[in-house]
Number of protein chains: 2
Amino acid sequence: MTNGIYIGDAARQSGVKVPTIRYYEQIGLLRSPLRSDSNRRFYDTADLRRLAFIRHARELGFDIEAIRALLTLQDNPSQSCATADGIAKARLIEVDQRIRSLLALKAELEVMIEECRHGRVADCKVIEVLADHGECQHHHK
Amino acid sequence: MTNGIYIGDAARQSGVKVPTIRYYEQIGLLRSPLRSDSNRRFYDTADLRRLAFIRHARELGFDIEAIRALLTLQDNPSQSCATADGIAKARLIEVDQRIRSLLALKAELEVMIEECRHGRVADCKVIEVLADHGECQHHHK
DNA sequence: TGTTGCTCCTCCAGCGGCTAGAGAATGTAA
DNA sequence: TTACATTCTCTAGCCGCTGGAGGAGCAACA
């Protein structure tokens, strides 16, 4: 068909699962596509690009509302770019934060594993480390 | 009271919110505590340690089932430590993975922000980067 | 011309891990 | 006493999907 592809192919080509595509349509992130005579959705290349955009942004950790904002900007390209910039900067701060705490966690897990010498649980540091830490440090986010 | 503290204090001391404590009890992660005459929950220091354990493990990204497994080990200390060790090792792999992809993401965000010179959206790299990437690379997890 | 097997449709329920609210009963302080 | 805080139970909602039921349609082959 030259009018487009079915949802299954759109899913395969975009890397977004079929129910997720329908979900995005439902919440208004994706326009309602054309339908075949038998009511099947048809997607074109513009839809595929939009899906790829969404998927990538989700992978980068943008939440749906941020993506909605970015897509709105994309649909109205004469606006200022400051909003998009702001969204990206907010994400950068979050990401930095998460990297830092994951690195701390990694160090902690390595200690746990290193000290656990396959003895009995009574001697196992994995559990000890987890139990102790909560009492000595309180670095709530 | 020498029999323990109320849920509010338990929440303040453990860093776990009141409804979350009740939720943990509901899903069987925490035993049902003693109650006062007027039906209020009383927590003792053992409960506080367990809560701190759970909070810390959650911060480290362990899911509830992993924590349940760790707590079961803790309650039966004569078992082998291999299970706890396995759980920690699995987490370490995950964490490493996430650090790597967050670092990649950070780099990408920095490029996006760097190249966005507060012009119009038409020239804005924030959106372009997001749109393009999905088409060239497909490093699905 | 079946009939097998795949995709698609809609609708609705459920997941994890909380979080928030209603409405009622206690507890504590001035 | 009056006010306010805290607790209780119960229920519903949050996000971002994910899966299943039950049915329609379509393509290919015998």
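Just so it is clear, the model here is predicted, and its values are computed rather than measured. Protein chains get the first letters and strands the later ones, always in sequence-line order, with residue 1 at the start of each.
In this structure, A/Gln26 and B/Glu65 both approach DNA chain C, and ranking their closest nucleotides by distance from the 5' end singles out A/Gln26. Along DNA chain D, the nucleotide nearest A/Ile64 and the nucleotide nearest B/Tyr43 are compared for position; the residue whose nucleotide lies closer to the 5' end is B/Tyr43.
Between A/Gln26 atom CD and A/Ser32 atom OG the span is 10.5 Å, to the nearest 0.5 Å. We find the CG-CG distance between A/Leu29 and A/Leu51 to be 9.0 Å, quoted to the nearest 0.5 Å. Here the OG1 atom belonging to B/Thr20 is positioned 11.5 Å from the CG atom belonging to B/Leu30, to the nearest 0.5 angstrom. For the atom pair B/Glu25 CD and B/Tyr43 OH, the distance stands at 5.0 Å (nearest 0.5 Å). A/Arg41 CZ to A/Arg35 CZ: the interatomic distance, rounded to the nearest 0.5 Å, is 4.0 Å.
Counting to the nearest Å, the C1' atom of D/dG16 and the CD1 atom of A/Ile21 are 15 Å from each other. Atom CG of A/Asn39 is separated from atom P of C/dT10 by 5 Å (rounded to the nearest Å). Atom CZ of B/Phe62 and atom P of C/dG16 are 19 Å apart (whole Å). Rounded to an integer number of Å, the gap from B/Ile5 CD1 to D/dT7 P is 10 Å. For the pair A/Arg35 CZ and C/dC8 C1', the computed distance is 10 Å after rounding to whole Å. Between the CG atom of B/Asp63 and the P atom of C/dC18 there is a distance of 11 Å, rounded to whole Å. For A/Arg55 and D/dC17, the CZ to C1' distance is 16 Å, given to the nearest whole Å. To the nearest angstrom, C1' of D/dG16 lies 7 Å from OH of A/Tyr24.
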Close N or O pairs between protein and nucleotides 3-7 of chain C (under 3.5 Å):
residue: C/dT7; atom: O2; partner: A/Arg40; partner atom: NH2; Å: 2.9

Protein and nucleotides 18-22 of chain D: nitrogen or oxygen contacts under 3.5 angstrom:
residue: D/dT18; atom: OP2; partner: A/Thr20; partner atom: OG1; Å: 3.1

Carefully, step by step, assess A/Glu65 and A/Arg68 under the rule salt bridge (Lys or Arg N to Asp or Glu O under 4.0 Å). CA-CA 5 Å; A/Glu65 284 321 301; A/Arg68 201 189 294 279; 3.1 Å; yes
Check the pair A/Asp47 / A/Arg50 against salt bridge (Lys or Arg N to Asp or Glu O under 4.0 Å), numbers first and verdict last. CA-CA 5 Å; A/Asp47 294 319; A/Arg50 205 171 169 101; over 6 Å; no
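Residue A/Arg41 places at least one side-chain N or O under 4.0 Å from the OP1 or OP2 atom of C/dC9. Proximity of B/Arg68 to the phosphate of C/dG16: no side-chain N or O atom is located under 4.0 Å from OP1 or OP2. For B/Ser38, a side-chain nitrogen or oxygen approaches OP1 or OP2 of C/dG27 to under 4.0 Å.
Set against D/dG16, C/dC18, C/dC8, the side chain of A/Val18 has C/dC8 as its closest nucleotide.
A donor-acceptor contact shorter than 3.5 Å links the side chain of A/Arg55 to the backbone of A/Ser14.
Residue B/Val16 is grouped with residue B/Ile27 when hydrophobic side chains (ILVMFWY) are merged at heavy-atom distances under 4.5 angstrom, including chains of intermediate members.
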